[in-house]
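Following: one structure in structure tokens, then a few remarks.
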Amino acid sequence: PPFRGVMADLVEKTLKASHKPQPQLSTLAALVGMAAAINGEYSTASGGRFNLYGMGVAESGTGKDKPRVMAEQVAVMGNAGILGKPGSGPGLEDAIESRRNQLVTIDEVAHLLKSVNDEKAPAHLRDIGATLLMLFSASANTYNRRVLVKSTVQQTLKTVPNPCVSLLCFSTPESIGDALTDSNCTDGLLGRLLLVPGDPEVTWRRPKCDLEMPSSVTEAVAEFKEIDPLAFAGGIQGIGSIIVQEDEGIGELLDKLGLVMEMDRRDRDHSVARSLYNRSFEKVERIAGVLASWDNPQAPVLREDHLEWARQFVLASDAALLDFLHRHMHSGEV
């Protein structure tokens with residue numbers, strides 16, 4: 001179930017406005033949208049930001065659109081830039097801004113992955129995967145732009161500090177299973193994703209209302225704006241001055257959880273599985289940070305319920321991802 005408060009309210013509103021209500025996809029979309037609404041002003045004590053990558057997998061025509069729209073609306077309320085499907089790696093790179101929160105939404109990500117994995121595809125298409133890989137981690141430090149060869153154009157900013165790019169994409173099981181290869185597992189792209197399957201047997205109904213933002217979202221966004229009014233007014237971002245504090249005992253829980261997840265990863269009997277679980281703990285930290293930031297935007301504190309919900313979400317996502325690969329990935333070796 002969705003986390004209490006803002007996320008639960010978002011999911012409830014989305015389901016009421018949906019012809020085919022998808023609770024799991026709506027929960028994922030709410031989480032990624034909330035992450036995309038947080039700019040580079042917020043960070044962990046170690047400097048990590050809270051951008052997330054999520055993928056919903058469901059049959060065509062089973063209700064993927066309304067969760068995507070909801071995530072975009074939440075992100076926009078947080079002054080996020082909304083980016084569509086990247087046309088090239090350099091194009092995506094040029095769109096990022098220092099400490100600016102941005103959300104990339106892709107309706108059918110399988111077509112993009114087909115191009116990324118096709119050795120005969122133009123280099124600018126194949127570069128999209130590498131750019132997404134780097135942007136996930138670059139939020140904690142910097143992203144170094146490419147160098148233009150023989151160009152007379154002055155590049156104004158070669159290094160971009162803390163770009164906060166989140167990704168929300170969707171696909172059908174068959175098309176994404178055909179597009180994926182072993183390299184998407186071992187290079188870390190899939191390990192960065194939170195995967196949530198939709199309900200294939202969802203029942204159609206006629207919604208009685210349109211999608212609207214809950215009052216809890218509006219109230220939280222108002223608090224975000226009080227912290228950094230310049231960012232919301234003109235896109236000028238801060239320097240990571242809002243650090244999510246840890247409640248008493250949380251540091252010890254984080255240390256134990258990190259060790260448990262690392263041992264679980266090492267126990268996997270295949271390199272693909274070990275790669276998929278490689279960033280599990282990092283995703284837990286990011287999700288918990290998102291929940292803490294929305295709970296109290298002006299003085300966020302990481303608490304046990306944030307951490308436990310994040311842990312369970314990531315464990316479910318990892319299990320779903322591994323199960324999905326067993327069932328649907330068939331473009332690589334049998």
Side-chain angles (χ1 to χ4, degrees), residues 1-38 50-59 62-78 80 103-107 109 166-173 176 192-203 205 207 209 211-217 220-221 280 283-295 303 305-324:
F3 190 72
R4 56 164 174 78
V6 169
M7 186 187 295
D9 293 343
L10 282 168
V11 172
E12 180 185 4
K13 293 288 188 181
T14 305
L15 297 180
K16 285 183 178 180
S18 299
H19 288 87
K20 294 185 177 181
Q22 289 280 3
Q24 289 77 20
L25 296 183
S26 297
T27 300
L28 173 69
L31 174 61
V32 176
M34 290 164 66
I38 301 174
F50 304 124
N51 57 309
L52 294 171
Y53 286 6
M55 179 168 68
V57 179
E59 300 290 344
T62 54
K64 299 189 291 289
D65 186 59
K66 196 65 73 173
R68 176 189 58 79
V69 172
M70 177 264 287
E72 291 179 349
Q73 289 186 7
V74 175
V76 167
M77 291 180 69
L103 176 64
V104 179
T105 57
I106 306 174
D107 283 330
V109 73
S166 293
L167 168 69
L168 180 62
C169 56
F170 296 93
S171 183
T172 61
I176 194 66
R192 288 162 166 78
L193 286 173
L194 296 164
L195 184 138
V196 173
D199 179 8
E201 305 299 329
V202 61
T203 302
R205 70 179 185 188
C209 61
L211 178 62
E212 60 181 30
M213 285 294 104
S215 59
S216 58
V217 176
V221 168
S280 296
K283 291 185 286 189
V284 169
E285 279 194 305
R286 292 187 182 209
I287 293 173
V290 170
L291 301 180
S293 298
W294 276 86
D295 254 3
R303 305 189 190 281
D305 58 343
H306 302 138
L307 183 59
E308 177 59 18
W309 193 90
R311 183 188 72 87
Q312 291 194 32
F313 191 96
V314 170
L315 289 179
S317 169
D318 287 348
L321 183 54
L322 201 58
D323 180 70
F324 174 81

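Position 1 is the first residue of the sequence, and the numbers go up from there.
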With rounding to the nearest 0.5 angstrom, report the [atom1] to [atom2] distance, [X] to [Y].
X      : Y      : atom1 : atom2 : answer
Leu10  : Met34  : CG    : CE    : 7.0 Å
Ser317 : Phe324 : OG    : CZ    : 12.0 Å
Gln73  : Met77  : CD    : CE    : 9.0 Å
Arg286 : Arg192 : CZ    : CZ    : 8.5 Å
Asp65  : Ser18  : CG    : OG    : 9.0 Å
Gln312 : Leu307 : CD    : CG    : 10.5 Å

With a 4.5 Å cut-off on side-chain heavy atoms, are [Y] and [X] touching?
X      : Y      : result
Arg205 : Pro21  : yes
Ile287 : Phe313 : yes
Val290 : Phe3   : no
Met70  : Met213 : yes
Ile106 : Leu168 : no
Arg68  : Phe170 : yes
Trp309 : Met7   : yes

Should the pair Asp9-Arg4 be classified as a salt bridge under the 4.0 Å nitrogen-to-oxygen rule?
no
[X] versus [Y], closest heavy-atom pair with distance:
X      : Y      : answer
Leu25  : Gly56  : CD2-CA, 3.7 Å
Phe50  : Ala35  : O-CB, 3.3 Å
Ala71  : Ala29  : CB-O, 3.3 Å
Ser280 : Val314 : O-CG1, 3.6 Å
Pro23  : Leu15  : N-CD2, 3.7 Å
Pro173 : Glu59  : CG-OE2, 3.8 Å

Polar side-chain atom of [X] near backbone of [Y] as donor-acceptor pair, under 3.5 Å:
X      : Y      : answer
Ser166 : Asn51  : no
Glu212 : Lys13  : no
Lys283 : Leu193 : yes

Would you mind writing out the side-chain donor-acceptor pairs for residues 194-201 within the sub-3.5 Å range, not counting sequence neighbours?
| unit_1 | atom_1 | unit_2 | atom_2 | d |
| --- | --- | --- | --- | --- |
| Asp199 | OD1 | Glu201 | N | 3.0 |

Start with the C-alpha gap between Leu167 and Met55, add the side-chain angles, then the distance that decides, and say whether side chain to side chain contact (heavy atoms under 4.5 Å, CB included) holds.
CA-CA 8 Å; Leu167 168 69; Met55 179 168 68; over 6 Å; no
By ring-ring contact (aromatic ring centres under 6.0 Å, His included) - contacts of Tyr53 (at least two apart)
Phe136
